[in-house]
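Following: one structure in structure tokens, then a few remarks.
In what follows, chains are A, B, ... by sequence order, proteins preceding strands, each numbered from 1.
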Protein chains: 2
Amino acid sequence: MERREQLVSVAFGLFYRYGVHAIGINRVIAESGVAKKTLYNHFPSKEALVAATVEYRDRQFSSWIEGRTQLAPDGQSAILALFDALDDWFNEREKLIHPFHGCYFINVSAEFSDLNHPVHQQCASHKRSMLGLISGYISQIFSDEKTVVTLSEAVATLKEGATVQAHVMGDLKAAVKAKAIAEELLKARFADHATAVLL
Amino acid sequence: MERREQLVSVAFGLFYRYGVHAIGINRVIAESGVAKKTLYNHFPSKEALVAATVEYRDRQFSSWIEGRTQLAPDGQSAILALFDALDDWFNEREKLIHPFHGCYFINVSAEFSDLNHPVHQQCASHKRSMLGLISGYISQIFSDEKTVVTLSEAVATLKEGATVQAHVMGDLKAAVKAKAIAEELLKARFADHATAVLL
DNA sequence: GTCAATGTAGACAGATCGGTCTCCTTCGTT
DNA sequence: AACGAAGGAGACCGATCTGTCTACATTGAC
């Protein structure tokens, strides 16, 4: 079990830094100090190793984001905390989740572009659970189902957009900017709901 | 000159579909019907070919987006037309710019993750020029420099976020949703400016 | 000590990688 | 016809790819 985790951790680091297809399994074993036979004892193929890295990152990233958001006093604070967490990630103030090379799930989807590919589906699944997390916080603020859905998706869109801008353009303030927009969208709906109550 | 364009076009199609490192130059020459010697006559290396595909896509995508937005009667219509264009692209109603496999510049940045890599910088440059296009339309609406910058970046963030959601999650309505948020942000600033005038 | 589980180093195999180079062909210009 | 530019087929090279397998070592349980 120890060796398996080590392989996944090292492979993730290399794939995240250089891309899945740019790194061969010989590099993974060289840097992990694990024998090739052991690698193939644990994983039937390179692709299985890739899938394991996606799952590893999913758990790592999700638990980190939850840790940064779930102690917030209310739904709005949680959403803003999400963008604060992104800001720390983009600016590499956070050592728990690896130096920033963009979003692993976006990157892996680029290399496994077919929507039906199992690895791509793993990435989609991660995105859906992030949307679910956001939706949970938004529904602490608003009870109107339509508002919850619309706003959750907007926040998720801003999150993904900011991540791309941070990575592709090197915009270190992308999260701060996206946070301001998210806050604006939230406040606009407070106003809407206040109006509805008054009428 | 004819052979060069053919190589770039075919290489782009393959790299966009499967990823740069997943496709070797032998596949490119096999599918383009161009001899290997000819390829190396035109490009000193695979990386130079990759760079040429990024430039090719930059021109293709930018001219397409401009074509879809510059005839709009005003800045707001142009921004909304941008999202309509994205919608057609995600839903493959547009044959001029290749079937949808996410954003080539995001995908290539994933494989050339180092911000200092020339190919990565080409992708960043494309994103900056898209931001410039958006900024041009927004400045047709608002003269306040701060509003132009803030709103342009918000629109660009929504554009990137929607693209990721369309690709990773297969969300075919991502552009429509992002458009609604962009419209909301625009209208909120009309209200702001109307208030300023009244005061 | 014995045995099974786990792991090691690395040879091996067929395939492909990016890039170099030989020999030849075609075409346009002089 | 001669020449140079452009291009073709594909052999060749050293390296690496993914995956298989041999011979051996270590460790923990019995």
*Can you find a side-chain donor-acceptor pair between B:Ser113 and A:Tyr16 that sits under 3.5 Å?*
no
*Euclidean distance, atom CG of residue B:Leu39 to atom C1' of D:dA9 [Å, nearest integer]*: 15 Å
*Hey, does the side chain of A:Arg4 come within less than 4.0 Å of C:dT6's phosphate (OP1/OP2), counting only N and O?*
no
*For the ring pair B:His120 and B:Phe112, is the centre-to-centre distance below 6.0 Å?*
no
*Atom CG of A:Leu7 and atom C1' of C:dG7: how far apart are they, to the nearest Å?*
11 Å
*Rounding to a whole Å, what distance do you find between B:Glu2:CD and D:dG8:P?*
11 Å
_Going by the rule ring-ring contact (aromatic ring centres under 6.0 Å, His included), which residues pair with A:His126 if we only count those two or more places apart in sequence or in a different chain?_
A:Phe61, A:Phe105
*asked:* I need the CD-P distance between B:Gln6 and D:dG7, as an integer number of Å.
replied: 10 Å
*Between P of D:dG19 and CG of A:Asn41, the distance in whole Å*: 14 Å
*Nucleic acid footprint by protein, nucleotides 13-22 of chain C - heavy-atom cut-off 4.0 Å, B for base, S for sugar-phosphate alone*: ----SSBBBB
*Cation-aromatic face contact A:Arg57/A:Phe15, 6.0 Å, 45 degrees*: no
*Give me the ring orientation class for A:Phe90 and A:Phe100: parallel if the planes are under 30° apart, tilted from 30 to 60°, perpendicular past 60°.*
tilted
*May I have the distance from B:Ile29 (atom CD1) to D:dG8 (atom C1'), rounded to whole angstrom?*
11 Å
*Short side-chain donor-acceptor distance under 3.5 Å, A:Thr38 and A:Asn41*: no
*N or O in side chain of B:Thr38 less than 4.0 angstrom from D:dA6 OP1/OP2*: no
